[in-house]
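Reviewing the structure listed below.
By convention in this document, chain letters (A, B, ...) are assigned in the order of the sequence lines, proteins followed by strands, and residues within each chain are numbered from 1. Reckoned from all heavy atoms, side chains included, excluding hydrogens, waters and symmetry mates.
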Amino acid sequence: MIFTYFDGTARISDAGLFSPVNTFECGQCFRWLPDENGGYTGVAFGKAANVRVEDGYLRIKCDPSDFETVWRAYFDLDRDYEVLNSVFSIDDFTQRAVSFGNGMRILRQEPFETLISFIFSQCNNISRIRSIIKSLCMLSGEKFEAMGKTFFTFPTALKINSLSERELQSLRAGYRAPYVREAANAVLTGSINFNALRALGTEEARKEIMRLPGVGKKVADCFLLFGLQKYDAFPADVWIKKVFANYPGITPSRFGEFAGIAQQYFFYYARENKLESPKGEIISDACEKKEKHNT
DNA sequence: GAACAGGTGAAGT
DNA sequence: ACTTCACCTGTT
């Protein structure tokens, strides 16, 4: 890794593939927002940064000490995505998906934030997920200043656990709110311990996290992949099910130990291109077609 | 208004 | 084991 730090910005010359838009819009995170220069600004691990690519350099505007301690790992800068992409490109469809999402990086996010965020994500759309998380951070995160702007950290389990019913209700998270409270409580009491989960295999860790109410296989796999870096976790949502239905050759097992990363290319491609399911095929039994009769 | 949006879990076959 | 359904809320 070759980089210089000058004028408040880490400039990396050999960052390899890095596309801010594909990284931050591929659906793995909810707290990074675009700026006017094709860059993105966000918060992780209690720190703020702005990221952009210019003249072939990756430029991360941040506190000098944070590049090595936070952002280098967070942006997964030590992984060669070119190698990964060529390993993934086993057929025409995969090539299209990888090419579409070229420069996407799977962020090494914080376990707690990832868990809570994906609990919010169930049967919800992206803009609303973002809005709920933003409200949560403004309500109970810590306010701090960086780069001349105001930011909020993601709240701790303690802060979330101590929210009143009224405060929780103000997030407009609906039926997901009690799930979030339970998750925070489990972390607080030690019933769920992220370091212990890290030491487990993917299967065992999934089983453990699924003990939480509101955490089924899909949310669990997002947590494992984005929050615990269990790269073989393969979240299968409605879009991935459309991929499976259209391209029977695509199965998690074909992509090895980093199948979860391949999954993110598929998800992003399918969602952005509004991949349809084959006619007559039933893709999901949830949130799709249901007659709701309110009493 | 009804349908839909990155699921889950309980209850019914 | 597989299918159906309710669940909050905001948007189209």
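The backbone N or O of A/Gly249 lies less than 3.5 Å from a partner atom in the side chain of A/Arg254, making a donor-acceptor pair.
For B/dG7, the base has no donor-acceptor partner in the side chain of A/Lys218 [N/O atoms by modelled type, under 3.5 angstrom]. Side chain A/Arg128 to base C/dT9: a donor-acceptor pair is found below 3.5 Å.
For the pair A/Asp221 CG and B/dG7 P, the computed distance is 13 Å after rounding to whole Å. Whole-Å rounding puts the A/Tyr175 OH to C/dA6 P distance at 13 Å. Computed from coordinates, the A/Tyr179 OH to C/dC8 C1' distance equals 10 Å when rounded to whole Å. Atom CH2 of A/Trp239 is separated from atom C1' of B/dC4 by 11 Å (rounded to the nearest Å). Summarising the geometry, the separation between CG on A/Asp237 and C1' on B/dC4 is reported as 15 Å, rounded to the nearest angstrom. In this entry the distance linking CD of A/Gln263 with P of B/dG6 reads 14 Å, nearest Å. For the pair A/Phe267 CZ and B/dA5 P, the interatomic distance rounds to 12 Å; values are reported in whole Å. Separating the CG atom of A/Asn124 from the C1' atom of B/dG7 is a distance of 10 Å, rounded to the nearest angstrom.
Separating the C1' atom of B/dA3 from that of C/dC8 is a span of 16 Å, rounded to the nearest Å. Spacing of P atoms, B/dT8 relative to C/dG10, comes out at 22 Å, to the nearest Å. Comparing C/dC2 with B/dG6, their C1' atoms sit 23 Å apart, to the nearest whole Å. With C1' as the reference atom, C/dC7 and B/dC4 are 15 Å apart, rounded to whole Å.
The listed nucleotides are C/dT9, B/dG6, C/dC7; the one nearest the side chain of A/Ile126 is B/dG6. Picking from B/dG6, B/dA5, B/dT8 the nucleotide with the shortest atom distance to the side chain of A/Val238 gives B/dG6.
Close to B/dG9, at under 4.0 Å from its OP1 or OP2, lies no side-chain N or O of A/Gln122. Remark: A/Arg271 is not in phosphate contact with B/dG6, judged by side-chain N or O atoms under 4.0 Å from OP1 or OP2.
Along DNA chain C, the nucleotide closest to A/Ala173 and the one closest to A/Ser127 are compared, and the more 5′ of them pairs with A/Ala173. When the nearest nucleotides of DNA chain B are assigned to A/Gly27 and A/Val215 by heavy-atom distance, the more 5′-ward of the two goes with A/Gly27.
Counting heavy atoms of neighbouring residues, nucleotides and ligands inside a 6.0 Å radius, atom CD of A/Glu142 does not exceed 12 of them. When the shell of 6.0 Å around OH of A/Tyr57 is examined, it contains 12 or fewer heavy atoms from other residues, nucleotides or ligands.
Using a 4.0 Å heavy-atom cutoff across all strands shown, A/Leu171 reaches no nucleic acid atom at all. Heavy atoms of A/Pro235 sit nowhere under 4.0 angstrom from any nucleic acid atom. Across all strands, A/Gly174 comes closer than 4.0 Å to base atoms (heavy-atom distances).
Between A/Tyr81 and A/Phe258, the ring centre distance reaches or exceeds 6.0 Å.
Considering only heavy atoms from C-beta on, A/Leu139 comes within 4.5 Å of A/Ser170 through its side chain. For the pair A/Phe93 and A/Asn246, the minimum side-chain heavy-atom distance is 4.5 Å or more.
Nucleotide B/dA3 is matched to C/dT11 when pairs are restricted to Watson-Crick or G-U wobble geometry with both distances under 3.5 angstrom.
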